[in-house]
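Numbered from 1 within each chain, the chains take letters A, B, ... in sequence-line order. Atom set for the values below is all heavy atoms of this structure, side chains included, hydrogens, waters and symmetry mates excluded.
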Amino acid sequence: MKQSHLFTKTKKESPSDEVSLNAELLIKAGFINKEMAGVYSYLPLGLMVIKKIENIIREEMNAIGGTEMKTSIFQNKETWEKTGRWSDDVVDNWFKTKLKSGGEVGLSFTNEEAYSNILKQYINSYKDLPIYPYDFKDIFRNETRSKSGILRGREFYWKALYSFSKNEEEHNEFYERAKLAYKNIFNRAGIGHLTYMTFASGGTFAKFSHEFQTLTGAGEDTIYIDEDKNIAINKEVYTDEVIESLGLNKDSLVEKKAIEVGNIFSLGTKFSEPFDLKYKNENGEEKLVTMGSYGIGLGRLMGTIVESLSDDKGIIWPESVAPFKVHLLLLGDDDKTKKEADKLYEELLSKSIEVLYDDRTDVSAGEKFADSDLIGIPFRVVVSKRSLEDHGFEIKKRTEEKGKIVGSEELFNLLETSH
RNA sequence: CGGGGUGUGGUGUAACGGCUAACAUUCCUGUUUUGGGAACAGGCGACUCUGGGUUCGAAUCCCAGCACCCCGACCA
């Protein structure tokens with residue numbers, strides 16, 4: 001994509017109504033636009049990142065047997081009354097609205113009810129199980145206080161997978177696979193080294209749920225980490241009894257601030273009971289389905305990456321989620337340099353290397369460098385009079401201070417072997 | 001929902017109760033520039049969040065509302 005076609009521009013000043021680093025950088029660099037407190041639009045660059053993250057999650061979910069679908073934002077009152085969660089006394093953060101015909105509808109704030117209701121039609125026999133449907137979906141929560149930029153919004157985009165299993169054993173087997181899939185996701189998203197699987201309260205049907213907590217000062221949660229064993233405990237279950245039951249030692253636990261980027265949860269029969277979600281086993285007996293839920297907030301994950309990987313010049317995207325792999329900068333406006341840069345741009349495109357081409361000729365070199373650092377694309381390639389007088393192109397990683405001048409062959413070699 | 005703070009051109013800020021609301025940036029015109037947010041010249045852009053009140057006079061003081069930020073509570 002040519003930068004002259006990208007309508008967003010970077011801002012020099014930080015927005016006055018944002019304090020959080022993720023919102024500040026993402027707004028300055030033109031990834032998102034704030035609509036109101038806790039509500040953000042994703043601009044072209046932001047959407048590219050979201051889609052990259054979405055694809056990573058999709059691949060990992062499909063790899064463990066997930067089946068993608070798309071449930072409606074609109075929620076049926078009757079369905080929710082089955083679990084008692086329609087009531088504002090039980091769930092106080094609903095966004096609800098009225099139909100012209102008189103009824104009420106809610107906007108999704110979670111998906112268990114919708115899934116249980118749909119899957120009831122399709123689960124009859126033990127032969128129908130297990131199944132692992134999932135959604136990418138906008139979720140709405142009327143938070144009393146949204147905060148921290150895109151880390152906690154009133155509207156957010158998430159992935160939710162629900163597992164429907166015959167029994168505890170089958171559920172547990174999948175649950176373990178889901179843990180690994182989640183680890184893969186956060187590794188691939190570039191924050192694996194900062195992310196800990198964390199024991200948290202489990203509800204009625206399991207002793208624990210598991211959160212994936214990424215260390216960042218902007219975190220809302222307090223966790224206690226055992227760095228050797230690479231696991232952590234959420235403050236909410238940080239008791240002597242729990243520490244002991246996990247075989248941990250209080251002295252080796254370190255307190256840290258973290259943000260919850262993912263959560264997996266055993267639901268047992270909490271939802272299959274009210275929905276009468278049963279199957280017939282081999283002996284013709286009716287059994288309740290055992291469920292689990294597995295969520296990741298994509299916007300929150302994006303914000304967390306920004307929070308934990310940026311520097312004082314801007315964002316540093318991991319290659320896996322960066323909007324582009326290469327930021328190609330044209331410096332100078334003489335015909336020869338421009339022609340060389342155009343040619344390189346076409347070559348990158350023909351090799352399917354994602355590139356943002358700063359082809360603007362009315363912008364100074366300094367401004368292009370500053371923009372490039374702020375936007376945070378992993379590789380910066382400069383074409384200028386100076387580079388052409390040497391071997392051809394200057395390539396520099398966003399994480400490096402100095403680049404090096406390389407010829408075309410070496411350039412493509414470097415780009416094609418990196419991912 | 002409790003507490004605290006802030007609302008001024010698109011953006012970031014300034015302005016003792018008193019002149020035509022200032023500066024920077026963005027944007028537009030032109031000239032010169034092109035390796036770290038270039039230089040010069042000219043120009044566009046504001047009912048100072050809304051509604052009341054005090055005053056000869058309000059961006060400034062008072063009241064109410066709304067919005068945004070922060071702390072806390074809450075967070076399938």
Any N/O donor-acceptor pair, Arg386(A) side-chain to G36(B) base, under 3.5 Å: no

On the nucleotide A73(B), are OP1 or OP2 found under 4.0 Å from the side-chain N or O atoms that Lys147(A) carries? no

My understanding is that a pair needs two contacts under 3.5 Å, Watson-Crick or G-U wobble. By that rule, which nucleotide pairs with U55(B)? none

From NZ of Lys34(A) over to C1' of A67(B), roughly how many Å is that when rounded to an integer? 10 Å

Grab the CZ-P distance between Phe393(A) and G35(B) for me, whole Å please. 18 Å

Side-chain N,O (Ser364(A)) to OP1/OP2 (U34(B)) below 4.0 Å: no

Heavy atoms only, 4.0 Å cut-off, all strands: where does Asn93(A) land among base, sugar-phosphate and nothing? nothing

When the C1' atoms of G36(B) and U13(B) are considered, how many whole Å apart are they? 25 Å

If the test is salt bridge (charged side-chain N to carboxylate O under 4.0 Å, His left out), which one of Lys257(A), Arg152(A), Arg145(A) qualifies with Glu220(A)? Arg152(A)

Between Phe265(A) and Lys396(A), which residue's closest nucleotide on RNA chain B lies nearer the 5′ terminus? Lys396(A)

Produce the list of close N/O pairs, under 3.5 Å, pairing protein atoms with atoms of nucleotides 8-15 of chain B; give distances to one decimal.
| from | atom 1 | to | atom 2 | distance (Å) |
| --- | --- | --- | --- | --- |
| G12(B) | OP1 | Ser16(A) | N | 2.7 |
| G12(B) | OP1 | Ser16(A) | OG | 2.9 |

Just compare G37(B), C70(B), C27(B) and give me whichever is closest to any side-chain atom of Lys9(A). C27(B)

Euclidean distance, atom CG of residue Asp333(A) to atom C1' of A38(B) [Å, nearest integer]: 14 Å

Checking all strands, does Lys368(A) fall into the base, sugar-phosphate, or nothing category for heavy-atom contacts under 4.0 angstrom? nothing

Charged N-O contact under 4.0 Å between Asp334(A) and Lys338(A): no

Base, sugar-phosphate, or nothing: which does Arg154(A) touch, judged by heavy atoms less than 4.0 Å apart? nothing

What is the distance, to the nearest angstrom, from the CG atom on Leu330(A) to the P atom on G36(B)? 16 Å

Any carboxylate oxygen within less than 4.0 angstrom of a Lys/Arg side-chain nitrogen, looking at Lys235(A) and Asp221(A)? no

Nearest to the side chain of Phe369(A), heavy atoms from C-beta on, is which of G36(B), U26(B), A73(B)? G36(B)

Let me know the distance between CG of Leu388(A) and C1' of G35(B), rounded to the nearest Å. 13 Å

Using a 4.0 Å heavy-atom cut-off, does Trp158(A) contact any base of the nucleic acid, only the sugar-phosphate backbone, or nothing at all? base

Give Asp373(A) one of three labels, base, sugar-phosphate or nothing, depending on what nucleic acid heavy atoms sit under 4.0 Å from its own. base

When the P atoms of G45(B) and C61(B) are compared, how many Å lie between them, rounded to an integer? 29 Å

What's the closest nucleotide to the Leu374(A) side chain, out of C74(B), G37(B), C70(B)? G37(B)

What is the pairing partner of U29(B), taking Watson-Crick or G-U wobble pairs with both distances under 3.5 Å in any strand? A41(B)

From CD of Glu18(A) over to C1' of G5(B), roughly how many Å is that when rounded to an integer? 16 Å

Need one value for Val382(A): base, sugar-phosphate or nothing, where a base atom within 4.0 Å counts as base even if backbone is also close, heavy atoms only. base

Identify which nucleotide among C69(B), C74(B), U25(B) has an atom closest to any side-chain atom of Lys12(A), counting heavy atoms from C-beta outward. U25(B)

Remember a base hit wins even if backbone is also touched, and classify Arg145(A) as base, sugar-phosphate or nothing at under 4.0 Å, heavy atoms. base

Given Met302(A), which partner from the list Leu151(A), Ile150(A), Val261(A), Val321(A) fulfils the side chain to side chain contact (heavy atoms under 4.5 Å, CB included) test? Ile150(A)

Has the side chain of Lys166(A) got a donor or acceptor atom that lies under 3.5 Å from a matching backbone atom of Leu129(A)? yes

Using atom CG of Asp362(A) as one end and atom P of A39(B) as the other, report the distance to the nearest whole Å. 16 Å

Looking only at C75(B), C68(B), U34(B), the nucleotide nearest the Glu220(A) side chain is C75(B)

Complementary nucleotide of G36(B), counting Watson-Crick and G-U pairs under 3.5 Å: none

Exactly one of Trp80(A), Phe140(A), Phe95(A) should register a ring pair (Phe, Tyr, Trp, His ring centres under 6.0 Å) with Phe109(A). Which one does? Trp80(A)

Using side chain to side chain contact (heavy atoms under 4.5 Å, CB included) as the criterion, point out the one residue from Arg386(A), Lys402(A), Lys404(A), Arg380(A) that pairs with Glu394(A). Arg380(A)

Can you confirm whether Met69(A) sits close enough to Ile118(A) that some side-chain heavy atom of one is under 4.5 Å from a side-chain heavy atom of the other? yes

On a whole-Å scale, what distance lies between the C1' atoms belonging to A39(B) and G57(B)? 44 Å

In whole Å, measure the gap between the C1' atoms of C16(B) and U33(B) for me. 44 Å

Determine the contact category for Ser209(A): base if any of its heavy atoms lies under 4.0 Å from a base atom, sugar-phosphate if only primed atoms, P, OP1 or OP2 are that close, otherwise nothing. nothing

Can you tell which of C71(B), C68(B), C75(B) lies closest to the side chain of Arg152(A)? C75(B)

Arg380(A) CZ to G36(B) P, in whole Å, measures 11 Å

Mate of G65(B) where both pairing distances stay under 3.5 Å, Watson-Crick or G-U: C49(B)

Taking the C1' atom of each, how far is U11(B) from U26(B), in whole Å? 7 Å

Any strand counts, and the cut-off is 3.5 Å on both contacts for Watson-Crick or G-U wobble. Which nucleotide pairs with C19(B)? none

From Leu246(A), Ile223(A), Val242(A), Ile243(A), residue fulfilling side chain to side chain contact (heavy atoms under 4.5 Å, CB included) relative to Phe199(A): Leu246(A)

Under 4.0 Å, counting only non-hydrogen atoms across every strand here, what does Thr10(A) touch: a base, just sugar-phosphate, or nothing? base

With C1' as the reference atom in both, quote the distance from G35(B) to A67(B) in angstrom, rounded to an integer. 44 Å

Is any N or O donor-acceptor pair between the side chain of Glu394(A) and the base of G35(B) shorter than 3.5 Å? yes

For Ala370(A) and for Glu112(A), locate the closest nucleotide of RNA chain B by heavy-atom distance; then report the residue assigned to the nucleotide nearer the 5' terminus. Ala370(A)

Please determine if Lys96(A) forms a cation-pi arrangement with Trp86(A), meaning its NZ or CZ atom is less than 6.0 Å from the six-membered ring centre and no more than 45° off the ring axis. yes

Scan Asp371(A) against the nucleic acid and name what it touches under 4.0 Å (heavy atoms): base, sugar-phosphate only, or nothing. base

Cation-pi, Phe412(A) ring and Lys351(A) (6.0 angstrom, 45 degrees): yes

